[in-house]
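A short write-up of the structure that comes next.
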Amino acid sequence: PMMDYNSSHSGQIKLVASFSALNRYVDDAVALVHEILTSTRFDNQNQIVDIIKQLRQRRYQAFVSAGSMLAARRSAMSFSCGAVVDEMTNGLEYYMWLKAQESNPTVIDTLPNLAQSIIGNDNVVISICADDAGAFDESIKRFVASLDNSSVDRTLKIKPHSRSNDGIVI
């Protein structure tokens, strides 16, 4: 089951890239996903900063519309590894990181190596929802075979955070 692979407790968190396509366009969609994952250039700093701004603004709007969820997420970090992952990838910690990157985008220099270390044939889970998923076997096999091995460290490093009293100003 997917939960076995996407659990902060087992240390098997994966990068998720998803798409939807009509059956007749699956080969083209798989080729496009492959191109995006393996050939993306990170040399246009302005576009990357624009993406960072959009992500930060999206998080800000989520906080404004559901501040109680922000508080619940923050409090859950003291007893749940999953809540720590959620906070770091979708919560206030992530928002503050985006805000810092927006004004001083140090992450741009690390993106090519980071992408290369994460994306690999040994670090991919593929899920297909279709009437005849077997029809896509060859496309998926070609996709996986075209990826190199990843060099990501699979050591579980997620631990619940210590409790704190937070006053939040965004």
Side-chain angles (χ1 to χ4, degrees), residues 1-59 62 73 76-77 80-91 93-95 97-98 100-102 105-161:
M2 186 62 171
M3 289 308 296
D4 290 345
Y5 294 101
N6 198 21
S7 168
S8 59
H9 300 289
S10 68
Q12 295 295 315
I13 298 167
K14 304 286 184 178
L15 170 70
V16 176
S18 62
F19 67 90
S20 298
L22 296 173
N23 286 1
R24 65 180 176 263
Y25 298 121
V26 167
D27 287 339
D28 293 335
V30 169
L32 180 60
V33 169
H34 180 271
E35 180 181 338
I36 291 168
L37 292 177
T38 61
S39 303
T40 296
R41 293 187 357 232
F42 300 100
D43 55 358
N44 190 327
Q45 182 169 337
N46 291 335
Q47 285 183 337
I48 293 171
V49 171
D50 282 346
I51 292 169
I52 290 170
K53 285 179 184 179
Q54 290 172 24
L55 292 169
R56 184 194 55 79
Q57 289 169 345
R58 197 174 305 145
R59 294 298 345 126
R73 184 179 287 133
M77 284 192 342
S80 165
C81 292
V84 173
V85 171
D86 189 42
E87 173 67 16
M88 297 301 170
T89 60
N90 205 25
E93 294 286 335
Y94 178 59
Y95 172 84
W97 180 83
L98 288 170
Q101 290 299 314
E102 193 175 331
T106 57
V107 72
I108 292 173
D109 294 335
T110 66
L111 288 175
N113 289 336
L114 184 62
Q116 189 175 26
S117 72
I118 293 172
I119 299 164
N121 59 18
D122 58 334
N123 199 35
V124 64
V125 174
I126 297 174
S127 173
I128 300 173
C129 298
D131 291 336
D132 183 16
F136 309 114
D137 282 349
E138 287 307 312
S139 296
I140 298 306
K141 286 178 185 174
R142 281 194 308 272
F143 173 77
V144 172
S146 69
L147 299 174
D148 294 327
N149 283 338
S150 66
S151 60
V152 68
D153 180 6
R154 290 179 173 76
T155 308
L156 182 60
K157 298 177 182 175
I158 302 163
K159 294 187 171 89
H161 287 198

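Just so it is clear, the model here is predicted, and its values are computed rather than measured.
Here the side chains of Gln116 and Asp148 are not in contact, with every heavy-atom distance at 4.5 Å or above. Contact check for Arg59 versus Tyr94: side-chain heavy atoms found under the 4.5 Å cut-off. Proximity of Val49 to Gln45: side-chain heavy atoms (C-beta onward) are separated by under 4.5 Å at one or more points.
At least one donor-acceptor pair closer than 3.5 Å links the side chain of Glu87 to the backbone N or O of Glu93. At least one donor-acceptor pair under 3.5 Å links the side chain of Ser146 to the backbone N or O of Phe143. A side-chain donor-acceptor contact under 3.5 Å links Asn121 to the backbone of Leu147. Looking at Asp122, its side chain never comes within 3.5 Å of a backbone N or O of Asn149 through a donor-acceptor pair.
Partners of Asp43 according to the salt bridge (charged side-chain N to carboxylate O under 4.0 Å, His left out) rule, which considers only residues two or more places apart in sequence or in another chain, are Arg41.
Pairing each heavy atom of Ala29 with each of Ala21, the nearest pair is CB-CB, 3.9 Å. Scanning all heavy atoms of the two residues, the minimum distance from Thr40 to Leu37 falls at OG1-N, 4.5 Å. Considering every non-hydrogen atom in both Ile48 and Phe42, the closest pair reads CD1-O, 3.6 Å.
Put simply, CD1 on Ile51 and CG on Asn46 are 11.5 Å apart, with the number rounded to the nearest 0.5 Å. Distance check: Gln54 CD to Asp50 CG gives 6.5 Å after rounding to the nearest 0.5 Å. Separating the CD atom in Glu102 from the CZ atom in Arg56 is a distance of 4.0 Å, to the nearest 0.5 Å.
The number of heavy-atom neighbours closer than 6.0 Å to CD of Gln57, taken from other residues, nucleotides and ligands shown, is above 12. Heavy atoms from other residues, nucleotides or ligands lying under 6.0 Å from CZ of Phe19 number more than 12.
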So Trp97 and Ile52, side-chain contact (heavy atoms from CB on, under 4.5 Å) or not? Walk me through it.
CA-CA 10 Å; Trp97 180 83; Ile52 290 170; 5.8 Å; no

